[in-house]
Amino acid sequence: MPLPGLAPCVGQLSRGLPRPPLTLSAAVLSFAGYSPGDWLLIQEIHESVHVEIAQLARAGRGFGLAARQRGAHTKGSKAMTYIITRLSGPLSANMLLGCLLAVLTIVPAAGDDIGSIQFDTDFDSGGGVSVHSRTETHFTLTLEDEQNYGPLGYMHFRLRGVEGETVSFEFTNLGDSRMPSDYRLLYSETPLEELDYQRMDEAIGDGFSQEFQSDTVYIANYFPFPYQNTVEQVTRHQDCEYVTVELIGQSHEGRDMYAMRISDPDVPDDEKRDIVALTRQHPGETTGSYQMEGMIAYVLEVFRDETRAFDEDYRFHFLPHANPDGIYRGIHRLCSQGYDLNRQWDSDSPVEIRNLKDYMERNVTNAWWGFDLHATTNRTFTSLFYTPAATERYMAIVESMAAHIVSLDGVGSSTASQQARGYYHEGLGGSMVVTEKWLYSEDFDVEFLHGQGRSFLREVVARPSGLRVAIFSGASSSGIDAMSELVASMPNAAHEVVSAEDIREGALDSFDIAVFAGGSGTTQGEQLEEEGRKAVLGFVEGGGSYLGICAGAYLASSRRDAYLAMLPYEHHLPWALGSGYVDIEITASGRELLDNPDSGIVNVRYNNGPIFLDGEGGAPDLEADGYEVLAYFRSAVNDDSEVMVDMPAIVAGDYGAGRFILVSPHPETLGDTHAHWIIENSLKHLAAETTAASAQ
């Protein structure tokens, strides 16, 4: 008589029941009336089944699409076929029934176990490794090339029954991976969802061991972040007044995909810029999930703090699991259908890409920045930043965010260190940067990754308060870098680098202060073109502020047609007076306006800055004409530049409803921190004047 539910029993056993000792089958044999000879035959068959079922289980972990889709049912059916084939020949029908009963009590789990320790990857985010061979407490492991993609990547497995045990490990194919021999793996003795991973005591080397204090441990080479944690990452905030959580569809295998939107409901959406962050297109690149966690925390922190207000300007979209099936199955790079999702955005074949694109088409109406976060265990991260609705304004920002250079098609400029590349990509219509450097490192932890995500957003959204500074991209790179670093060091301030095209298109309307740093005043004016120069003048005349340093001070004067002529004075010719350090003396009005009553003589760097003259070539009486001299030169840069002594070094004035400060020397120079207060307090003064003008 056939046994009811036989195949389901085998399937269940193949999914995880531990292998009991052979002696448990004696009761079954006695019940069936078998002889000791029969029992010896069953023992032999049992051992063969144990080995081959384990091999089938390991093969089932491979990335063959049929095996992945059939899962445990495939393993169970293969096991059943093998058992029937091996048993039907030598045994009678009655013997077959008894032998099947015996096998059902002893078929091993889908993992590998000998004695009390069990190995498996059958859990959310487990995968990438299998047991090649083992003794009771020693495992020889093989990194799996599941996608025919090398070098080998993600690995995450579980051991059970290891409390108080010292377990040793080695790899058969470490050389096919990127892991160096001095790298230490991660392990956790807490439940999977807690993500509490720490480094092992020993490096991989030629073999390593670890003593465990808990019964169950999880071991990985990257910080894991399972699928269920990506769901919880966004859904736990769904009761927040600023948060909308949307189910955007299911993956190929039916796993839910969510989007988290953070926005101030009291501000109309059409007045906001959209910032999008997605991650885990390559499921094994787990660092992106931790970076996204830092991003979400930072945005909610600012939204909940009434003293900080970029919530009126932006709407944030977080897409935490672009590849749910790959995350769950522990795949390194592809989805369950075998696609590299990162290469499928020009098609609608993978349902995951359709879900993501559909969400963005419905909700992202004013794309400003996009983050596609990739990375594994790198010191610096494989990440793509792009600005679909922006232009070259972000060139300096993207270069400051990147750390390593890759070859890319596009018009680009790299940092002086040749470690990063930011460039304008016409196909995407925006600025991009890709960092690509596989470097296993232990020099970070989860908090560091969270902080990295926060830093990404700090670069592209206004910081707390209304001090918004635009730095003109036509200045010298050293001037842009110095001003960017100085503004970034100020609390309650934010900056963006804007191009001439941005200014012509009205970008200054989003800022309080426009900064034109060193370089060439004529070149900057020519880059702006007449339309851009009018935009700058209109910005200041309407209540905005202008800070010109060296070339930017030239630009504000009136000698050339390409200049702005906010200050109706020309500069001394020949203009190239020399470079070096000079003394300037802060005037009484300068000490008051710059809020430093104890200041006096300050030594600053000078590099051919303007010396202003009246129309007859003499020293102008600026104060009589309604301008303020905040500092005078008190020394010359060389013997041939005596003309600069006692001439104005810093000048302030009004233009329409706005305000300007022109600085001939370079107190912003990187490293000259003793003089940075001049620029910082100039910005604060201009910000206060801009706020007053806006109030009127």
Side-chain angles (χ1 to χ4, degrees), residues 466-472 474-475 483 487 493 495-496 498-517 521-522 524-571 589-590 592-595 610 612-615 620-631 648 650-664 679 681-696:
L467 179 52
R468 298 165 296 174
V469 180
I471 302 173
F472 181 48
M483 284 304 305
V487 176
H495 71 278
E496 292 183 14
V498 299
S499 69
E501 181 181 357
D502 298 333
I503 291 174
R504 288 192 291 271
E505 293 177 353
L508 294 182
D509 293 342
S510 300
F511 297 93
D512 304 306
I513 303 169
V515 175
F516 290 78
T522 301
Q524 293 185 30
E526 291 174 345
Q527 288 180 354
L528 287 169
E529 302 175 356
E530 183 177 2
E531 184 181 358
R533 294 193 294 271
K534 288 181 178 179
V536 174
L537 291 173
F539 166 71
V540 180
E541 191 171 27
S545 293
Y546 179 103
L547 175 62
I549 302 173
C550 194
Y554 277 109
L555 179 63
S557 65
S558 59
R559 179 178 290 277
R560 298 181 181 273
D561 290 341
Y563 287 174
L564 300 172
M566 286 190 292
L567 185 70
Y569 299 107
E570 299 181 353
H571 56 83
S589 58
E592 180 179 356
L593 185 147
L594 298 177
D595 194 26
F612 296 116
L613 305 174
D614 61 19
D621 189 354
L622 294 174
E623 294 178 349
D625 292 336
Y627 301 99
E628 296 176 81
V629 178
L630 307 184
I650 305 176
V651 177
D654 297 326
Y655 185 81
R659 183 81 165 155
F660 63 79
I661 294 179
L662 309 180
V663 183
S664 178
I679 300 300
N681 289 357
S682 293
L683 291 170
K684 292 176 183 177
H685 167 75
L686 292 173
E689 293 296 312
T690 300
T691 301
S694 298
Q696 295 175 0

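- Rounding to the nearest 0.5 angstrom, the gap separating the CG atom in L593 from the CG atom in N681 is 9.0 Å.
- Every residue two or more places apart in sequence or in another chain that forms a side chain to side chain contact (heavy atoms under 4.5 Å, CB included) with A517 is listed here: A475, M483.
- At least one side-chain heavy atom of I679 sits under 4.5 Å from a side-chain heavy atom of L547.
- Of the possible polar contacts, one joining the S545 side chain to the L686 backbone as a donor-acceptor pair under 3.5 Å is found.
- Note: D502 CG to F472 CZ = 9.5 Å, rounded to the nearest 0.5 Å.
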R659 vs E628, salt bridge (Lys or Arg N to Asp or Glu O under 4.0 Å): CA-CA, chis, key distance, verdict | CA-CA 11 Å; R659 183 81 165 155; E628 296 176 81; 2.5 Å; yes
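- When all heavy atoms of G474 and Q527 are compared, the pair lying nearest together is CA-OE1, 3.1 Å.
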Should V540 and M566 be marked as a side chain to side chain contact (heavy atoms under 4.5 Å, CB included) after you check the CA-CA gap, both sets of side-chain angles, and the distance that decides it?
-> CA-CA 9 Å; V540 180; M566 286 190 292; 4.1 Å; yes
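- Heavy-atom minimum distance, G521 versus L555: O-CD1, 3.6 Å.
- For E531, the side chain to side chain contact (heavy atoms under 4.5 Å, CB included) partners are R504, not counting sequence neighbours.
- Separation of atoms CG (L662) and SG (C550) is listed at 11.5 Å; rounding is to 0.5 Å.
- For the residue pair H495/R468, the side-chain donor-acceptor check at 3.5 Å is not satisfied.
- One N or O on the side chain of R559 and one on the backbone of H571 form a donor-acceptor pair closer than 3.5 Å.
- For Y546, the ring-ring contact (aromatic ring centres under 6.0 Å, His included) partners at least two apart in sequence or on another chain are F516.
- With sequence neighbours excluded, no residue forms a salt bridge (charged side-chain N to carboxylate O under 4.0 Å, His left out) with D625.
- The minimum heavy-atom distance linking A535 with I503 is given by the pair CB-O, 3.5 Å.
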CA sep, side-chain torsions, deciding dist, call: Y554, R560, side chain to side chain contact (heavy atoms under 4.5 Å, CB included) | CA-CA 9 Å; Y554 277 109; R560 298 181 181 273; over 6 Å; no
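- Under the 4.5 Å side-chain criterion, counting only non-hydrogen atoms from C-beta, Q524 is not in contact with L528.
- At a threshold of 4.5 Å between non-hydrogen side-chain atoms, the residues Y563 and S557 count as touching.
- Partners of L622 according to the side chain to side chain contact (heavy atoms under 4.5 Å, CB included) rule, which considers only residues two or more places apart in sequence or in another chain, are Y569, P620, Y627, V629, P648, V651.
- Atoms CG and CG, from D512 and L683 in turn, are 10.5 Å apart once rounded to the nearest 0.5 Å.
- Remark: the backbone N or O of P610 is paired with a side-chain donor or acceptor of S664 at under 3.5 angstrom.
- In this structure, the separation between OH on Y655 and CG on L567 is 11.5 Å, given to the nearest 0.5 Å.
- For the atom pair E592 CD and H685 NE2, the distance stands at 10.0 Å (nearest 0.5 Å).
- Under the salt bridge (charged side-chain N to carboxylate O under 4.0 Å, His left out) criterion, R533 pairs with no residue, sequence neighbours left out.
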